[in-house]
**Student:** 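Below you will find the structure I want to go over with you.
Proteins come first, then strands; the chains are lettered A, B, ... in the order of their sequence lines, and each starts at number 1.
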Amino acid sequence: MAELTEQEKVRREKLDFLEDYNVNPFGERFDRNSNTEKIKDAFDKYSKEELAEMEHPTLKIAGRIMTKRGKGKAGFAHIMDQKGQLQIYVRKDALTEQEFEIFQKADLGDIVGVKGTVMKTKMGELSLKLSEFTHLSKALRPLPEKYHGLKDVEERYRRRYLDLMTNEDTRETFILRSKIIRAFRRYLEDKGYMEVETPILHPIVGGAAARPFKTHHNALDMPFYLRIAPELYLKRLIVGGFEGVFEIGRTFRNEGISIKHNPEFTMMELYEAYGDMESMMELTEDLIITVTEEVMGTLEIQYGDQTISLKRGWERLHMADAVKEHVGIDFRREDLTFEEAKEFALKKGLEIAPHYTGTGHILNLLFESFVEEKIVQPTFVYGHPIEISPLAKKNPEDGRFTDRFELIINTREYGNAFSELNNPIDQKERFEAQLKERDLGNVEANEMDNDYIEALEYGMPPAGGLGIGIDRLIMLLTNSKSIRDVIFFPHMRQKHQ
RNA sequence: GGGCUGUUAGCUCAGUAGGUAGAGCAGCGCCCUUUUAAGGCGCGGGUCGGAGGUUCGAUUCCUCCACGGCUCACCA
């Protein structure tokens with residue numbers, strides 16, 4: 001245990017001071033009848049004089065002391081609750097001697113309950129003139145600086161509570177996060193989709209291309225993976241007869257941490273019986289537009305120095321056409337060979353991984369390397385090659401492509417959807433192709449999931465499926481540069497002693 | 001993992017061409033019954049991220065380590 005700082009010692013001494021007065025430094029229930037926001041809404045419209053003359057109720061609120069100014073036999077402070085801050089005015093002659101002394105000894109960071117009536121100061125600030133002051137909880141450590149707040153990025157992530165206490169922007173971002181997720185749920189429930197929960201511990205890795213976290217169950221004495229996607233379980237529910245299900249939940253991927261990646265993140269996945277890629281495009285657009293309008297009140301989103309317009313009518317662009325336009329090679333050509341595509345990519349300076357064995361691998365590589373970075377306004381890029389889409393239905397006209405899309409906004413992927421592959425024979429072949437990739441060194445390839453194939457053999461209706469990265473959408477709407485700014489407790493390396 | 005970069009008081013930051021450090025806020029004492037980033041006077045608080053090295057002397061220069069940030073690679 002580290003030595004206490006001078007300020008910590010002083011605050012601990014104040015515990016004794018409170019106990020001398022029979023005051024519990026970490027007190028009890030306090031029944032409030034208002035909060036800082038309600039008080040401002042109800043009374044800020046009146047002038048100082050009006051407030052002085054009119055009758056108004058006695059109000060009780062509680063919160064943390066954020067600023068404090070002694071004025072001899074009086075004093076001011078701002079106390080903060082979840083809704084904001086309100087100034088309190090303390091006069092020696094309005095409180096008991098004990099209450100006033102406790103106020104004078106109170107520290108920034110202490111949590112107090114107060115009772116009083118509203119007034120306005122000479123400067124016109126709405127304030128609560130106290131008739132009672134109750135100490136509720138002692139803060140044994142000093143708060144970050146009252147004017148600048150907590151700036152140190154590392155500290156803001158590691159001790160988010162301090163960030164939330166002192167930085168209004170942080171509070172607003174997380175309030176928006178909550179509203180966005182609530183709007184998602186409401187929209188989907190209103191459309192008749194059912195929210196479900198599926199396992200997070202998976203015996204087999206599947207549903208996406210990613211490296212998993214591995215864990216172990218003691219009683220069963222078997223390994224489990226933390227899910228990289230809920231997809232295969234949700235589709236079992238479609239087999240089971242539910243016609244529209246969704247899950248909003250945590251997903252885990254054992255990969256690098258970056259401004260766009262946290263090891264655990266929140267996804268929304270949805271499956272709709274009798275739907276397809278196109279119905280998912282319609283749903284995605286309507287969902288994001290509805291949520292954005294509801295939460296933000298506008299479809300013009302400022303993100304960094306980009307202005308994104310989410311107005312209806314998002315562009316639809318076939319991946320092969322996009323690559324043809326920006327890179328100059330036509331992957332729709334029937335006679336395009338893998339060798340030719342590979343040569344083209346090599347000339348462009350790209351590296352070809354050993355498990356790249358089809359033209360589709362090259363197409364996707366070219367798209368991600370040269371085209372994705374050019375897409376700013378919301379665009380459905382569709383027609384992903386079959387090689388990288390083991391769970392999506394083949395396009396009926398050209399089996400080299402699938403009926404799959406990714407939603408790209410501001411060069412980043414926000415959603416992924418397709419006409420779900422419901423042919424168990426085809427699905428088995430796809431898994432086998434994935435196993436071959438695994439042998440060639442693709443650590444992210446899907447595993448064979450016989451249990452899932454068996455489910456498909458009982459018959460799954462044609463269906464559309466959709467996944468949306470919730471954290472990234474929240475980043476976009478809250479103009480947050482890093483995913484760490486929209487996740488309360490982002491993962492960081494442990495600081496050792 | 002690579003490159004660049006940061007770490008000084010509880011917080012926000014200066015600074016030292018190498019001679020063991022300052023300010024504001026916060027804290028302590030005194031004054032002040034409408035202040036508001038309150039004010040005035042006074043006081044205390046730092047193994048300058050850690051460990052080595054160079055040097056008479058290192059917070060400053062060098063090396064390594066720890067933990068961040070940005071970025072590239074991988075991915076959503």
**Student:** Does the protein touch nucleotides 3-8 of chain B at the base, only the backbone, or not at all? Give it as B, S and - per nucleotide, heavy atoms under 4.0 Å.
**Tutor:** ------
**Student:** Nearest to the side chain of A:K14 - B:G69, B:C28, B:A26?
**Tutor:** B:C28
**Student:** Over 60° means perpendicular and under 30° means parallel, so tell me whether A:F17 and A:Y21 are parallel, tilted or perpendicular.
**Tutor:** perpendicular
**Student:** Could you tell me how far B:A9 sits from B:G49 if I compare only their C1' atoms? Round to whole Å.
**Tutor:**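 It comes out at 14 Å once rounded to the nearest Å.
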**Student:** With nearest nucleotide decided by heavy atoms, which residue, A:A106 or A:V90, maps closer to the 5′ end of RNA chain B?
**Tutor:**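 That would be A:A106.
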**Student:** With C1' as the reference atom in both, quote the distance from B:A51 to B:A58 in angstrom, rounded to an integer.
**Tutor:** 14 Å
**Student:** Specify the separation, in whole Å, of atom CZ of A:R11 and atom C1' of B:G45.
**Tutor:** 15 Å
**Student:** When the C1' atoms of B:A17 and B:U60 are considered, how many whole Å apart are they?
**Tutor:**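 Their C1' atoms lie roughly 10 Å apart.
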**Student:** Rounded to whole angstrom, note down the P distance from B:G1 over to B:C61.
**Tutor:** 26 Å
**Student:** Run the side-chain hydrogen bond (donor to acceptor under 3.5 Å, both in side chains) check on A:D163 and A:Y157 step by step: do they pass?
**Tutor:** CA-CA 8 Å; A:D163 188 22; A:Y157 295 150; over 6 Å; no
**Student:** Looking only at the side chain of A:D107 (C-beta and beyond, no hydrogens), which of the listed nucleotides B:G27, B:A37, B:U35 gets closest?
**Tutor:**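 Closest nucleotide to the A:D107 side chain: B:G27.
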**Student:** Say you pick atom C1' in B:A21 and the same atom in B:U16; how far apart are they, in whole Å?
**Tutor:** 8 Å
**Student:** Give me the ring orientation class for A:F380 and A:W314: parallel if the planes are under 30° apart, tilted from 30 to 60°, perpendicular past 60°.
**Tutor:**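 Tilted.
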**Student:** If you take atom types as modelled and just measure distance, does the side chain of A:E145 reach the base of B:A26 with a donor-acceptor pair under 3.5 Å?
**Tutor:**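 Answer no: no donor N or O sits under 3.5 Å from an acceptor.
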**Student:** Using distance alone, with no hydrogens and no angle criterion, decide if A:Y303 and A:R412 have a side-chain donor and acceptor under 3.5 Å apart.
**Tutor:**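 Result is yes, a qualifying pair exists.
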**Student:** May I ask you to verify if any side-chain N or O of A:R484 is less than 4.0 angstrom from the OP1 or OP2 atom of B:C70?
**Tutor:**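 The answer is yes; a side-chain N or O of A:R484 sits under 4.0 Å from OP1 or OP2.
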**Student:** Parallel under 30°, tilted from 30 to 60°, perpendicular over 60°: which one fits the rings of A:Y356 and A:H361?
**Tutor:** parallel
**Student:** Roughly, in whole Å, what's the span from CG in A:L365 to P in B:C74?
**Tutor:** 8 Å
**Student:** When the C1' atoms of B:C30 and B:U36 are compared, how many Å lie between them, rounded to an integer?
**Tutor:**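 It works out to 22 Å between them.
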**Student:** Given B:C70, B:A26, B:U33, identify the nucleotide with an atom nearest to the side chain of A:Y89.
**Tutor:**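 Selected nucleotide: B:U33.
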**Student:** Which whole number of Å gives the distance between the C1' atom of B:U55 and that of B:C74?
**Tutor:**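 Taking atom C1' in both B:U55 and B:C74, they lie 46 Å apart.
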**Student:** Using 30° and 60° as the class boundaries, would you call the ring planes of A:F488 and A:F174 parallel, tilted or perpendicular?
**Tutor:** parallel
**Student:** Would you say the base of B:U36 and the side-chain of A:T121 have a donor-acceptor pair closer than 3.5 Å?
**Tutor:**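 Answer yes: a donor N or O sits under 3.5 Å from an acceptor.
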**Student:** Mark yes or no for a side-chain to base donor-acceptor pair under 3.5 Å between A:Q87 and B:U35, with no hydrogen or angle criteria applied.
**Tutor:** yes
**Student:** What interatomic distance, in whole Å, is found between P of B:C25 and the corresponding atom of B:A37?
**Tutor:**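 Their P atoms lie roughly 13 Å apart.
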**Student:** Salt bridge (charged side-chain N to carboxylate O under 4.0 Å, His left out) with A:E282: which residues, sequence neighbours excluded?
**Tutor:**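 So A:E282 forms no salt bridge (charged side-chain N to carboxylate O under 4.0 Å, His left out) with any residue.
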